[in-house]
Amino acid sequence: MLITGTFLDEISYDIPHQNWGRKDWDADFQAMRAIGIDTVILIRCGLRKFIAYPSEVMIKRDGCYRPPVDLVDMFLDLAEKYKMNFFFGTYDAGRWGQGQYEEEAEINKAVIEEVWRKYGSRKAFKGWYLAQEISRRAKGIVEIYSELGRFCKEISGGLPVLISPFIDGVKA
């Protein structure tokens with residue numbers, strides 16, 4: 001079986017945020033390309049207060065911390081350098097898990113617009129990834145997927161939109 005794509009974890013969840021520099025990421029992209037990876041998917045552009053690029057939307061609306069490095073720009077640079085496709089992962093504000101899917105969708109639409117303006121013309125930018133991973137019928141998740149998926153396609157001229165399950169184990 002040939003694996004040609006993988007996730008890029010922008011490191012906002014469970015290990016120190018943005019702990020690699022450009023040299024480390026470059027070596028990682030080079031290694032991925034050498035084994036046949038041609039598609040990288042940013043798992044999310046932010047999780048609650050930690051974000052992967054200096055988003056005025058997330059900073060103003062959610063009080064997110066301004067990152068010292070624009071990881072999205074760097075990932076796009078590296079994807080272009082190694083001739084890889086890049087899929088942008090949306091913002092996980094954490095609201096959808098609390099049943100506030102309308103608010104989650106609203107801020108994500110603003111983020112999607114901002115990202116498309118800022119990075120949409122980049123050669124490696126090939127589509128979107130909806131970061132709200134689910135393992136069961138969470139309230140509003142179908143609505144988020146439908147609304148945000150449609151919005152991503154409309155704003156970007158039909159670029160693909162990816163989703164992925166989160167497999168909850170028995171301890172969840």
Side-chain angles (χ1 to χ4, degrees), residues 5-29 32 39-79 84 86-120 122 124-135 138-141 144-145 147-149 151-152 155-156 161-169 171-172:
T6 191
F7 283 105
L8 300 173
D9 191 341
E10 85 326 332
I11 320 168
S12 64
Y13 183 64
D14 56 1
I15 52 181
H17 188 53
Q18 302 183 49
N19 63 349
W20 275 11
R22 186 178 191 92
K23 183 179 174 185
D24 301 303
W25 280 111
D26 191 287
D28 197 42
F29 271 72
M32 288 187 287
T39 300
V40 290
I41 306 155
L42 180 63
I43 199 161
R44 69 187 78 79
C45 68
L47 179 66
R48 295 180 192 90
K49 301 288 184 198
F50 292 99
I51 57 178
Y53 75 99
S55 166
E56 294 308 315
V57 169
M58 291 183 281
I59 291 168
K60 288 178 183 172
R61 290 192 184 184
D62 273 6
C64 293
Y65 309 123
R66 184 175 296 277
V69 174
D70 184 337
L71 289 175
V72 173
D73 185 58
M74 180 175 56
F75 291 158
L76 282 162
D77 283 347
L78 293 170
M84 299 167 94
F86 176 86
F87 283 73
F88 179 85
T90 58
Y91 177 44
D92 186 344
R95 292 181 180 92
W96 66 274
Q98 300 165 359
Q100 300 171 328
Y101 73 88
E102 296 95 347
E103 293 88 349
E104 186 87 11
E106 179 186 328
I107 192 165
N108 264 288
K109 283 182 177 181
V111 167
I112 290 162
E113 287 175 333
E114 177 183 59
V115 164
W116 187 246
R117 277 192 312 273
K118 193 168 184 155
Y119 308 108
R122 299 290 297 268
F125 197 109
K126 299 297 183 188
W128 308 90
Y129 174 69
L130 302 184
Q132 294 73 18
E133 299 170 349
I134 59 150
S135 65
K139 181 180 182 334
I141 197 66
I144 286 175
Y145 281 171
E147 189 173 344
L148 291 182
F151 190 75
C152 286
I155 202 163
S156 65
V161 178
L162 309 175
I163 62 171
S164 177
F166 170 78
I167 308 303
D168 263 345
K171 296 179 182 179

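All values reported here derive from a predicted model rather than from experimental measurement.
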**Report entry** Chi angles and distances behind the side chain to side chain contact (heavy atoms under 4.5 Å, CB included) call for Met74, Asp26
**Finding:** CA-CA 9 Å; Met74 180 175 56; Asp26 191 287; over 6 Å; no
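- Remark: side-chain polar atoms of Asp62 are not paired, donor with acceptor, to backbone N or O of Met58 under 3.5 angstrom.
- Inter-residue side-chain proximity for Tyr145 and Val161 is flagged as unmet; no heavy-atom pair is nearer than 4.5 Å.
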Criterion side chain to side chain contact (heavy atoms under 4.5 Å, CB included) on Leu8 and Ile41, from CA distance to verdict:
CA-CA 6 Å; Leu8 300 173; Ile41 306 155; over 6 Å; no
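- Listed here is the closest heavy atom pair of Ile43 and Asp9: CG2-CA, 3.8 Å.
- Under the 3.5 Å distance criterion, with hydrogens and angles disregarded, a donor-acceptor pair is assigned to the side chains of Tyr53 and Glu114.
- Residues Ile163 and Gln132 fail the side-chain proximity criterion, which asks for heavy atoms closer than 4.5 Å.
- Glu113 contributes atom CD, which lies 12.0 Å from atom OG of Ser156 (distance to the nearest 0.5 angstrom).
- Aromatic ring centres of Phe88 and Trp116 lie farther apart than the 6.0 Å criterion allows.
- Leu42 has its side chain within reach of Val72: a pair of non-hydrogen atoms, C-beta onward, lies under 4.5 Å apart.
- A cation-pi arrangement, defined by a distance under 6.0 Å to the six-membered ring centre and an angle within 45 degrees of its axis, is absent between Lys49 and Tyr65.
- Look at Asp73 and Lys118 and you find no salt bridge, because none of the NZ, NE, NH1 or NH2 atoms lies under 4.0 Å from a carboxylate O.
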Q: Mind running side chain to side chain contact (heavy atoms under 4.5 Å, CB included) on Val115 and Cys45 for me, showing each step along the way?
A: CA-CA 10 Å; Val115 164; Cys45 68; 5.6 Å; no
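- Closest approach of Lys109 to Leu148, counting heavy atoms only: CG-CD2, 3.9 Å.
- In this model, no donor atom of one side chain and acceptor atom of the other lie less than 3.5 Å apart for Trp128 and Thr90.
- By the 4.5 Å heavy-atom criterion applied to side chains, Met84 and Thr39 are not counted as neighbours.
- For Arg61 and Glu56, the salt-bridge test fails: no basic side-chain N is under 4.0 Å from an acidic carboxylate O.
- Rounded to the nearest 0.5 angstrom, Cys152 SG and Ile112 CD1 are separated by 3.5 Å.
- In this structure, Arg44 and Ala131 approach most closely via the heavy-atom pair CB-CB, 3.8 Å.
- Aromatic ring centres of Phe7 and Tyr129: separated by under 6.0 Å.
- Considering every non-hydrogen atom in both Ala79 and Val40, the closest pair reads CB-CG2, 4.5 Å.
- Checked against the 6.0 Å centroid threshold, Trp25 and Phe75 count as a close aromatic pair.
- Scanning all heavy atoms of the two residues, the minimum distance from Pro67 to Ile51 falls at CB-O, 3.5 Å.
- At a threshold of 4.5 Å between non-hydrogen side-chain atoms, the residues Leu130 and Leu162 do not count as touching.
- Of the possible donor and acceptor atoms, one in the side chain of Tyr91 sits under 3.5 Å from a partner among the backbone N and O of Arg48.
- Counting only heavy atoms from C-beta outward, the side chains of Phe86 and Arg122 never approach each other to under 4.5 Å.
- We find the CG-CG distance between Leu76 and Leu71 to be 11.0 Å, quoted to the nearest 0.5 Å.
- The two residues Glu104 and Asp92 come nearest to each other via the heavy atoms OE2-CA, 3.5 Å.
- To the nearest 0.5 Å, atom CD of residue Glu102 and atom CD1 of residue Ile107 are 14.5 Å apart.
- Expressed to the nearest 0.5 Å, how far NZ of Lys23 lies from CG of Asp28 amounts to 14.0 Å.
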